[in-house]
Amino acid sequence: MSPTLPKRILLIDDEISIHVIVKISLQTEANWVTLKAVSGTEGLTQANTQLPDAILLDMMLPDMDGNFVLNRLQSNPRTREIPVILLTAQVDADTLSPASRRLSAGVIPKPFDSLTLAAQIAMLLGW
């Protein structure tokens with residue numbers, strides 16, 4: 001029986017402190033690997049080249065809106081099947097369009113509990 005490879009999670013968020021917390025949390029709690037992107041453009045490139053198991057997407061990015069990133073991910077045949085979880089402080093109806101809620105696998109509001117982040121992701125994705 002071959003060992004199971006760890007899940008690879010792409011985090012698209014411009015806050016470096018969030019990257020540190022998520023990386024430590026996912027590594028400690030679930031032995032998952034965190035891939036980093038600090039802009040929507042970088043996130044789209046990483047998603048297309050790295051093909052992660054899941055994406056955590058902030059809705060407030062410096063170069064483009066998270067809704068736009070989500071739509072681009074969904075329109076690309078290479079990234080369409082990658083589940084996207086919105087990790088954002090902006091959980092109101094003005095920020096999260098009905099389409100974003102429908103296209104995403106779920107929402108984890110900031111601030112989040114770093115001790116249960118991997119469990120929340122696993123629950124949303126049925127892992």
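Just so it is clear, the values below take in all heavy atoms, side chains as well, and ignore hydrogens, waters and symmetry mates.
Checked against Ile85 for a side chain to side chain contact (heavy atoms under 4.5 Å, CB included), the options Leu125, Val107, Leu57 give a single hit: Leu125.
Interatomic distance, CG of Leu124 versus CD1 of Ile121, reported as 8.0 Å (0.5 Å rounding). Residue Met59 holds its CE atom at 8.0 Å from OG of Ser104, rounded to the nearest 0.5 Å. Between Gln74 atom CD and Leu103 atom CG the span is 5.0 Å, to the nearest 0.5 Å. The distance from atom CG of Asn76 to atom CG of Asn48, rounded to the nearest 0.5 Å, is 5.0 Å. Atoms CD and CD1, on Glu29 and Ile24 in that order, are 13.0 Å from each other to the nearest 0.5 Å. A distance of 14.0 Å separates CZ of Arg72 from CG of Asn67, quoted to the nearest 0.5 Å.
The nearest pair of heavy atoms linking Trp32 to Pro6 is CA-CB, 4.3 Å. In terms of heavy-atom proximity, Pro52 sits nearest to Ile82 at O-CG2, 3.6 Å.
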Under 3.5 Å, sequence neighbours excluded: what are the donor-acceptor pairs made by side chains of residues 37-44?
unit_1: Ser39; atom_1: OG; unit_2: Glu42; atom_2: N; d: 3.1
unit_1: Thr41; atom_1: OG1; unit_2: Asp63; atom_2: OD2; d: 2.7
unit_1: Glu42; atom_1: OE1; unit_2: Val38; atom_2: N; d: 3.0

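Criterion: ILVMFWY side-chain heavy atoms under 4.5 Å apart, direct or through other members. Under it, Leu35 and Val20 are not part of a common hydrophobic cluster. Linking Ile, Leu, Val, Met, Phe, Trp and Tyr residues whenever their side-chain heavy atoms come within less than 4.5 Å places Phe112 and Trp127 in a single cluster.
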Could you go through the salt bridge (Lys or Arg N to Asp or Glu O under 4.0 Å) check for Asp13 and Lys36 one step at a time?
CA-CA 8 Å; Asp13 195 308; Lys36 178 174 95 169; over 6 Å; no
Side chain to side chain contact (heavy atoms under 4.5 Å, CB included) evaluation trace for Glu15 with Lys110
CA-CA 12 Å; Glu15 294 181 52; Lys110 288 180 185 175; 3.6 Å; yes
As a quick check of understanding, evaluate side chain to side chain contact (heavy atoms under 4.5 Å, CB included) for Ile55 and Ile9, giving each step before the final call.
CA-CA 6 Å; Ile55 297 171; Ile9 311 299; over 6 Å; no
Report the C-alpha distance between Leu86 and Asp58 in whole Å, list the side-chain angles of each, state the deciding distance to 0.1 Å, and finish with yes or no for side chain to side chain contact (heavy atoms under 4.5 Å, CB included).
CA-CA 6 Å; Leu86 308 178; Asp58 186 18; over 6 Å; no
Could you give me the CA-CA distance, side-chain angles and deciding distance for Arg80 and Leu73, then say whether side chain to side chain contact (heavy atoms under 4.5 Å, CB included) is met?
CA-CA 6 Å; Arg80 176 179 300 138; Leu73 289 166; over 6 Å; no
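Considering only heavy atoms from C-beta on, Leu87 comes within 4.5 Å of Val22 through its side chain. Taking the side chain as every heavy atom from C-beta outward, Leu61 and Val69 approach each other to under 4.5 Å.
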